[in-house]
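Remarks on the structure that follows.
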Amino acid sequence: MTAPMIHILNGPNLNLLGQREPEIYGAETLADVERLCAERAAGLGLATALFQSNHEGEIVEMIHRARSEAAGIIINPAAYTHTSVAILDALNAFDGPVLEVHISNVHKRESFRHHSYVSARAEGVIAGFGIQGYDLAVQRMAVLLG
Ligand code: CA2
């Protein structure tokens with residue numbers, strides 16, 4: 001049997017992970033996130049595919065693709081977390097579980113980061129655990145898909 005697929009979607013500027021602002025986002029790169037998630041998923045009988053885009057419409061289209069390709073979505077919408085009804089609407093058209101991840105603790109930061117449109121759809125939210133949050137989300141997804 002083929003392993004259930006989790007799509008791990010990442011929003012704007014996360015391609016710069018590990019290159020700037022390590023005091024907020026750590027020194028690891030998005031390639032490290034991809035490896036971490038793939039290794040964890042393999043141990044749990046799951047598969048992962050990681051995507052990143054700096055464009056809101058492309059993220060909406062990634063979510064549409066996940067409707068036919070993924071059993072669950074882990075998403076860090078980055079700045080679009082705080083602005084995007086379009087991403088929320090797309091997630092509402094996805095049938096499986098959705099987990100929201102933030103590398104930093106958004107609640108310890110500026111007030112505009114305290115509200116998330118995506119949280120209205122997410123089964124759970126992880127914030128402030130660095131890139132370990134993605135690993136924890138894969139583990140939680142295994143339970144939700146179990
Ligand atoms: O903490 C998170 O994961 C965020 O989703 C990251 C977003 C931010 O707008 C959210 O409020 C919280 C920003 C991602 C920017 O990523 C960078 C990584 C390295 C260097 C510069 C930006």
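Note that ligands are numbered from 1 as they come in the structure, with each ligand's atoms numbered from 1 the same way. Just so you know, these numbers come straight off a predicted model, no measurement behind them.
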Ligand 1 atoms in contact with [X] (distance to a heavy atom under 4.0 Å):
X      : answer
Ile103 : 1 (O), 2 (C), 3 (O)
Ala79  : 9 (O)
His82  : 10 (C), 11 (O)
Leu14  : 14 (C), 16 (O)

Side-chain donor/acceptor of [X] to backbone N/O of [Y], under 3.5 Å:
X      : Y      : value
Glu100 : Ile126 : no
His82  : His115 : yes
Arg67  : Ala93  : yes

Among all the protein's non-hydrogen atoms, which is closest to [atom], and how far away is it?
atom                    : answer
atom 21 (C) of ligand 1 : Glu21 OE2, 3.6 Å
atom 20 (C) of ligand 1 : Arg20 O, 3.3 Å
atom 12 (C) of ligand 1 : Val106 CG1, 3.6 Å
atom 4 (C) of ligand 1  : His102 ND1, 3.8 Å
atom 9 (O) of ligand 1  : Arg113 NH1, 2.9 Å
atom 1 (O) of ligand 1  : Ser104 OG, 2.6 Å
atom 13 (C) of ligand 1 : Tyr25 OH, 3.3 Å

* Can a salt bridge be assigned to the pair Arg121 and Glu123 using a cut-off of 4.0 Å between side-chain N and carboxylate O? ->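 Salt bridge present between Arg121 and Glu123.
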
* Check: Asn76 N/O within less than 3.5 Å of ligand 1 N/O ->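 Indeed, backbone or side chain, Asn76 has an N or O that close.
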
* Backbone or side-chain N or O of Arg109 under 3.5 Å from ligand 1 N or O ->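 By distance alone, the answer is no.
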
* Asked: Just wondering, are more than 12 heavy atoms of other shown residues or ligands nearer than 6.0 Å to CZ in Phe129?
  ->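 No, CZ of Phe129 has 12 or fewer neighbouring heavy atoms, counting only those of other groups under 6.0 Å.
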
* Taking the side chain as every heavy atom from C-beta outward, state whether Ser84 and Val60 have any atom pair closer than 4.5 Å. =>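 Contact flag for Ser84/Val60 side chains = no.
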
* Just checking, Arg65 and Phe51: is the charged tip under 6.0 Å from the six-membered ring centre and within 45° of the axis? ->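 Positive - Arg65 is close enough to the ring of Phe51 and near enough to its axis.
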
* State whether a side-chain donor-acceptor pair under 3.5 Å links Asn13 with Tyr25. =>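 No, because no side-chain N or O of Asn13 sits under 3.5 Å from a partner of the opposite role on Tyr25.
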
* Please report the shortest heavy-atom distance between His107 and His114, naming the atom on each side. =>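 Result for this residue pair: O-NE2, 3.3 Å.
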
* Might you point out which heavy atoms bring Val125 and Ser119 nearest each other, and give the distance in Å? =>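 Scanning both residues, the minimum pair turns out to be CG2-OG, 3.7 Å.
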
* Only heavy atoms count here, so choose which of Asn15, Asn105, Asn13 is nearest to atom 17 (C) of ligand 1. =>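 The residue whose heavy atom sits nearest atom 17 (C) of ligand 1 is Asn13.
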
* Give the contacting part of Ile24 toward ligand 1: side chain, backbone, both or neither, where contact means a heavy-atom distance below 4.0 Å. =>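 Neither; no heavy atom under 4.0 Å.
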
